[in-house]
S.K.: 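First the structure, which I've put down as C-alpha cells, then a few questions once you've had a look.
The residues of the chain are indexed from 1 along the displayed sequence. Quantities reported herein were computed from a predicted structural model and do not represent experimental measurements.
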Amino acid sequence: MGKKLTRSYGTTYSRKELTGYLVGLAGQNIIYNIIGTGLTFYFQNVIFIPAIACSVIFAVARVWDAINDPMMGSIVDKTRTKWGKCKPYLMFIPPVILITTIVPFLNGMYAWTDASGATFTASPGARVAIIGWAAVSYILWGMTYTIGDIPLWGVTSLMTESQSDRAKILSLARICASFGAIGMAFTFIAPAFTGMFTSKGMDDQHALRAAYILTAVILTVFASILFEVTGLSVHERVEQSNETHTMKENFKTMWNCLPFRQLLISGVLRSPIQLLSLVAMPLVMYYFFNNDLGGTLMTENGLNIAVVIKVIFLFVGVMGGMLVSSGVTPSLAGKIEKKKLYNCYSIIGAIPFALVFVVYYITHKTGGDLLSWPMTIIISIVFFVASWAQGGLNVLQSVMIADCVDYEEYNNGIRPDGVFFSGQSFITKLSSGIASLIYGGVSAVVGFSGDNLSILNAALLEGASFITYDGGKFATALFFCVSIPPAIGMVLSSIPTLKYALSDKEHTKMLDELNARRNAVSK
C-alpha cells in the first residue's frame with residue numbers, strides 16, 4: 001500500500017471536527033447558490049443580458065469543466081503535504097473564491113428602462129464588453145470553485161475508515177448543503193437595499209443592480225468565513241500510497257470503473273433536474289410576487305401575514321422535502337439496497353415533477369387562482385415530494401461515489417478520491433449548463449429575455465399582472481421548465497443504474513478486507 005502520510009488522529013473524526021466540516025460546507029454551498037441561482041437571475045432579470053447569450057456562456061463554461069474538473073481531481077490525488085492531499089486546498093482557496101464570486105456582479109447594464117418608460121440598450125461595444133465580462137468572470141469562478149469543491153467532498157473518504165461514519169458525514173453534508181439554500185435568498189434580500197440608491201438619484205433598474213452588488217459582497221464575505229472553518233478543522237486519517245498517476249491514467253481509471261461510469265452517465269441524464277433551482281427564483285419572484293417583493297409583502301396596515309405564510313408553505317415545499325430526505329435516506333439505505341433506492345427515487349420522483357405543470361395548467365385553463373390557499377397547499381405538497389426525490393438522489397450519489405473509491409482501491413490498489421469526486425463536481429456543473437441551455441432556449445422562444453424583460457419589469461411597476469401578461473405565456477414557460485424536463489430527466493437517469501455493478505453486500509466485503517489490509521500495514 002506504500003508509506004502512509006499520517007495516522008495521528010485515530011481512525012475516525014471527532015464531533016468538533018465534524019461540526020467544523022459541516023459549517024464550512026454550508027458556507028461553500030451558500031456561495032454556490034449565490035452564483036447558481038442568483039447570478040442567473042441577475043444576468044437575465046437585472047442587467048438584462050439576452051437569455052441565449054447567458055445559455056451559451058454557461059454551456060461553454062461547462063464544456064471547459066469537462067476538462068478542468070478531472071484535471072483538478074488528478075492534481076488533488078497527486079498532492080502530498082504534511083496536512084494530507086485535500087486539507088491544503090480547503091485552507092487556502094476560500095479567500096480566492098470570495099473574490100471570484102463577487103467579480104461577475106461587477107458588470108454593466110445591457111438594457112434598461114427609465115422612469116419615463118423609454119427603453120435603452122448599451123452601445124455595440126459595451127454589449128460585447130458586458131457579455132465578455134460575464135463569460136470570463138463566470139468561467140474563472142467555476143475554475144476556482146472546483147479547486148475547493150473536489151477536496152471538500154473528497155476529504156470525507158479520508159476522515160474515517162468506518163463505512164457507517166462515512167455515510168453519516170455524507171448524509172449530514174447533504175443536509176447542510178441544503179441549508180446553503182440561504183444563498184438563494186440572495187434574490188429576495190437584494191431588492192430591500194434598492195432604496196439606498198434611489199435616494200441618491202438612481203433610476204429603479206440601476207438602483208436594483210447596485211443593490212445586488214452590495215448584497216453579493218455581504219453574503220459572500222459571510223459565506224467565505226464559514227467555508228474557511230473546514231480547512232482549519234478537518235484531519236485526514238486513511239493512509240495514502242505515494243504512487244501517483246498521469247492525467248491520461250486517471251481518465252482511464254474513471255471510465256474503466258464500471259459502477260462509477262454508471263453513476264456519471266446517470267447524473268448527466270438527470271441534468272434537467274437543475275432547472276428547479278435555476279428557475280425557482282424567477283418563478284417565485286414573478287409569479288408569486290409580481291416582481292415586487294416589498295409591495296406584495298407590505299400593505300397599508302403593515303406586514304401581509306397571509307402572504308408570509310404562503311411563502312413559508314412554498315419554501316417548505318421546494319426545500320423541505322430535500323432537507324427531510326437528506327436526513328432519512330441514509331437510514332433507508334441501511335434497510336434497502338442502495339441501487340434499488342436510487343432507481344426508485346429516479347422513477348417515482350418523476351411523477352411529482354410532472355404534476356407541477358399539470359396543476360398549473362389545469363388552474364390556468366379553468367381560470368382558477370394558484371395563489372389561493374387550497375392551490376398553494378396543493379402545489380407545495382407536490383414540490384415537497386419532488387424535492388424529496390432530488391434530495392435522496394443527492395445523498396445516494398455521494399455515498400455511492402465514495403463506495404466506488406473503495407472499489408477501485410480494492411481492485412487496483414489506489415484511492416482516486418480527488419478524481420472520482422471531481423466526477424460529482426462535473427455532474428453538478430454540467431447539469432447546470434444543460435439546464436441553462438434548456439431555460440435559455442425556452443426563454444428565447446417566448447421572448448422572456450433582454451429588452452422584453454426590461455419592458456416587462458417596467459410594466460409590472462405600473463400595475464400590470466405577470467400572471468396574465470401577454471396571455472400568461474411567460475408564466476407557462478416558467479412552470480414548464482421546472483416540471484416537464486426534470487420529469488423526463490429523472491426517468492432517463494435510472495437507465496444506466498438498473499443493473500448497477502456494485503451491490504451493498506459486495507461493498508461491505510471489500511471494505512472489511514481493505515480495513516484488514518490497512519491494519520496489517522500499520523502494525
S.K.: So do P496 and R261 actually touch side chain to side chain, heavy atoms under 4.5 Å?
M.R.: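 Sidechains of P496 and R261: no contact.
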S.K.: What closest approach, in Å, do G440 and I52 show between heavy atoms, and which atom pair accounts for it?
M.R.: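 In terms of heavy atoms, the two residues are closest at O-CD1, 4.0 Å.
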S.K.: Side-chain polar contacts of residues 22-39 - donor-acceptor pairs under 3.5 angstrom, sequence neighbours left out - could you list them?
M.R.:
from : atom 1 : to   : atom 2 : distance (Å)
Q28  : OE1    : Y145 : OH     : 3.4
Q28  : NE2    : Y145 : OH     : 3.0
Q28  : NE2    : D149 : OD1    : 2.7
N29  : ND2    : L25  : O      : 2.9
N33  : ND2    : N29  : O      : 2.9
N33  : ND2    : G180 : O      : 3.0
T37  : OG1    : S277 : O      : 3.3

S.K.: Would you say S493's side chain and S266's backbone share a donor-acceptor pair under 3.5 angstrom?
M.R.: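 Judged by distance alone, no pair lies under 3.5 Å.
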S.K.: To the nearest 0.5 Å, tell me how far L264 CG sits from L269 CG.
M.R.: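 Spacing of CG (L264) from CG (L269) equals 10.0 Å.
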S.K.: Under the ring-ring contact (aromatic ring centres under 6.0 Å, His included) rule, collect the residues that match up with F420, sequence neighbours excluded.
M.R.: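 Partners of F420 by the ring-ring contact (aromatic ring centres under 6.0 Å, His included) criterion, ordered by chain and then number, come out as F260.
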S.K.: Just checking, is any N or O donor in the side chain of S494 or N343 under 3.5 Å from an acceptor N or O on the other one?
M.R.: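 The criterion, which ignores hydrogens and geometry beyond distance, is not satisfied for N343 and S494.
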S.K.: Passes side chain to side chain contact (heavy atoms under 4.5 Å, CB included), N411 versus M510? Steps please.
M.R.: CA-CA 9 Å; N411 287 291; M510 288 179 182; 4.2 Å; yes
S.K.: List in chain and number order the residues that pass salt bridge (charged side-chain N to carboxylate O under 4.0 Å, His left out) with E337, two or more places apart in sequence or in another chain; answer none if no residue qualifies.
M.R.: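 Partners of E337 by the salt bridge (charged side-chain N to carboxylate O under 4.0 Å, His left out) criterion come out as none, since no residue qualifies.
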S.K.: Nearest 0.5 Å, what's the CZ-CG distance between R415 and L158?
M.R.: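 R415 atom CZ to L158 atom CG measures 6.5 Å (nearest 0.5 Å).
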S.K.: What's the spacing between I213 CD1 and N107 CG if we round to 0.5 Å?
M.R.: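 If we round to the nearest 0.5 Å, I213:CD1 and N107:CG are 8.5 Å apart.
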S.K.: Taking Q262 for the side chain and K499 for the main chain, is one N or O donor matched with an acceptor at less than 3.5 Å?
M.R.: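 Such a contact is found between Q262 side chain and K499 backbone.
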S.K.: So does V221 get a backbone contact from the side chain of S224, meaning a donor-acceptor N/O pair under 3.5 Å?
M.R.: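 Answer holds: no.
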S.K.: Is a side-chain donor or acceptor of T329 paired with a backbone partner of S326 at a separation under 3.5 angstrom?
M.R.: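 A pair under 3.5 Å: no.
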S.K.: Please determine if E17 and R237 form a salt bridge, counting it only when a charged side-chain N lies under 4.0 Å from a carboxylate O.
M.R.: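 Salt bridge: yes.
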S.K.: CD1 of I434 to CG of L275: how many Å apart, nearest 0.5 Å?
M.R.: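 Answer rounded to 0.5 Å: 10.5 Å.
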S.K.: The test is side chain to side chain contact (heavy atoms under 4.5 Å, CB included); show your working for E506 and Y407 and say whether it passes.
M.R.: CA-CA 9 Å; E506 289 172 322; Y407 176 95; over 6 Å; no
S.K.: Which pair of heavy atoms, one from L502 and one from P259, lies closest together, and at what distance?
M.R.: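 Heavy atoms only, the tightest pair is CB-CB, 4.0 Å.
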S.K.: With no hydrogens and no angle check, is any side-chain donor or acceptor of S387 less than 3.5 Å from a backbone partner on G317?
M.R.: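 Side chain of S387 to backbone of G317: a pair is present.
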S.K.: Which heavy atom of M91 sits nearest to which heavy atom of G231, and what is that distance?
M.R.: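 Scanning both residues, the minimum pair turns out to be CG-O, 3.2 Å.
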S.K.: Does CD1 belonging to I265 count more than 12 external heavy atoms closer than 6.0 Å?
M.R.: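 Counting neighbours around CD1 of I265, more than 12 heavy atoms of other residues, nucleotides or ligands fall under 6.0 Å, so yes.
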S.K.: Does the pair E513/R517 count as a salt bridge with the N-to-O cut at 4.0 Å?
M.R.: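 Yes, E513 and R517 are salt-bridged.
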S.K.: Under a 3.5 Å distance rule, please check whether S325 uses its side chain to pair with a backbone N or O of M322 as donor and acceptor.
M.R.: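 Not at all, since once roles are kept as given, no pair shorter than 3.5 Å links the two residues.
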S.K.: If we count only N and O atoms by modelled type, under 3.5 Å, do the side chains of T12 and S162 hold a donor and an acceptor together?
M.R.: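 Side-chain D/A pair, T12 to S162: absent.
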S.K.: So do V405 and P416 actually touch side chain to side chain, heavy atoms under 4.5 Å?
M.R.: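 Side-chain contact under 4.5 Å: yes.
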S.K.: Measure the shortest side-chain to side-chain distance between L170 and W153 over non-hydrogen atoms and say whether it is less than 4.5 angstrom.
M.R.: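 The answer is yes; the side chains approach within 4.5 Å.
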S.K.: Using the rule given for side chain to side chain contact (heavy atoms under 4.5 Å, CB included), can you reason through L172 versus Y21, listing the C-alpha separation, both sets of side-chain angles and the distance that settles it, and then say yes or no?
M.R.: CA-CA 10 Å; L172 292 173; Y21 174 80; over 6 Å; no
S.K.: Quick one: does P272's side chain get under 4.5 Å of I438's, heavy atoms only?
M.R.: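 Heavy-atom side-chain distance check passes, below 4.5 Å.
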S.K.: With a 3.5 Å distance limit and no angle check, can you tell me whether S55 reaches the backbone of S436 through a side-chain donor-acceptor pair?
M.R.: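 Looks like yes, one N/O pair under 3.5 Å.
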S.K.: Quick one: does L396's side chain get under 4.5 Å of M400's, heavy atoms only?
M.R.: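 The answer is yes, as the side chains (C-beta and beyond) meet within the 4.5 Å cut-off.
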S.K.: Applying ring-ring contact (aromatic ring centres under 6.0 Å, His included), name anything that partners Y42, two or more places apart in sequence or on another chain.
M.R.: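 Listed in chain order: F105, Y212.
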S.K.: Taking all heavy atoms of T497 and all of K339, pick out the closest pair and write down the distance.
M.R.: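 Shortest heavy-atom separation between T497 and K339 comes out as O-CG, 3.5 Å.
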S.K.: Is a donor from one side chain sitting under 3.5 angstrom from an acceptor on the other, for T79 and Y89?
M.R.: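 On atom types as modelled, these side chains qualify, holding a pair under 3.5 Å.
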S.K.: Would you say W133's side chain and V103's backbone share a donor-acceptor pair under 3.5 angstrom?
M.R.: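 Side chain of W133 to backbone of V103, a donor-acceptor pair under 3.5 Å: yes, one is there.
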S.K.: State, yes or no, whether a side-chain contact exists between F58 and F43 at a heavy-atom distance under 4.5 Å.
M.R.: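 Touching, per the 4.5 Å side-chain cut-off.
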S.K.: Do V395 and P330 come close enough that some side-chain heavy atom pair is under 4.5 Å?
M.R.: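 Yes, side chains in contact.
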S.K.: Hey, does K168 have a side-chain heavy atom less than 4.5 Å from the side chain of T160?
M.R.: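 They are not in contact (no side-chain heavy atoms under 4.5 Å apart), so the answer is no.
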S.K.: Could you go through R166 and D406, starting from their C-alpha distance and side-chain angles, then the distance that decides it, and tell me whether this counts as side chain to side chain contact (heavy atoms under 4.5 Å, CB included)?
M.R.: CA-CA 12 Å; R166 181 192 297 164; D406 294 330; 2.5 Å; yes
S.K.: For the CD atom of E228 and the CD1 atom of I93, what is their distance to the nearest 0.5 Å?
M.R.: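 Rounded to the nearest 0.5 Å, the CD-CD1 separation comes out at 10.5 Å.
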S.K.: Of all residues at least two apart in sequence or in a different chain, which pass the salt bridge (charged side-chain N to carboxylate O under 4.0 Å, His left out) check with R270?
M.R.: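 Salt bridge (charged side-chain N to carboxylate O under 4.0 Å, His left out) list for R270, sorted by chain: empty.
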S.K.: If the condition is salt bridge (charged side-chain N to carboxylate O under 4.0 Å, His left out), which residues does K338 pass it with, not counting sequence neighbours?
M.R.: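 Counting only residues at least two positions away or on another chain, K338 forms a salt bridge (charged side-chain N to carboxylate O under 4.0 Å, His left out) with D403, D504.
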S.K.: Where do C257 and E408 come nearest, in terms of heavy atoms and distance?
M.R.: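 Scanning both residues completely, I find the closest heavy atoms to be CB-OE1, 3.6 Å.
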S.K.: Aromatic rings Y138 and W141: how do their planes relate, parallel, tilted or perpendicular, breaks at 30° and 60°?
M.R.: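 Y138 vs W141 ring planes: parallel.
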S.K.: Would a distance-only check, ignoring hydrogens and angles, find a side-chain to backbone donor-acceptor pair under 3.5 Å from E236 to K85?
M.R.: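 Pair found, side chain donor or acceptor close to backbone of K85.
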S.K.: Between atom CG of L276 and atom OG of S483, what is the distance when rounded to the nearest 0.5 Å?
M.R.: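 Result: 10.0 Å between the selected atoms.
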S.K.: If you compare all heavy atoms of L90 against all heavy atoms of G148, which two are closest, and at what distance to 0.1 Å?
M.R.: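 So the two residues come closest at CD2-O, 3.7 Å.
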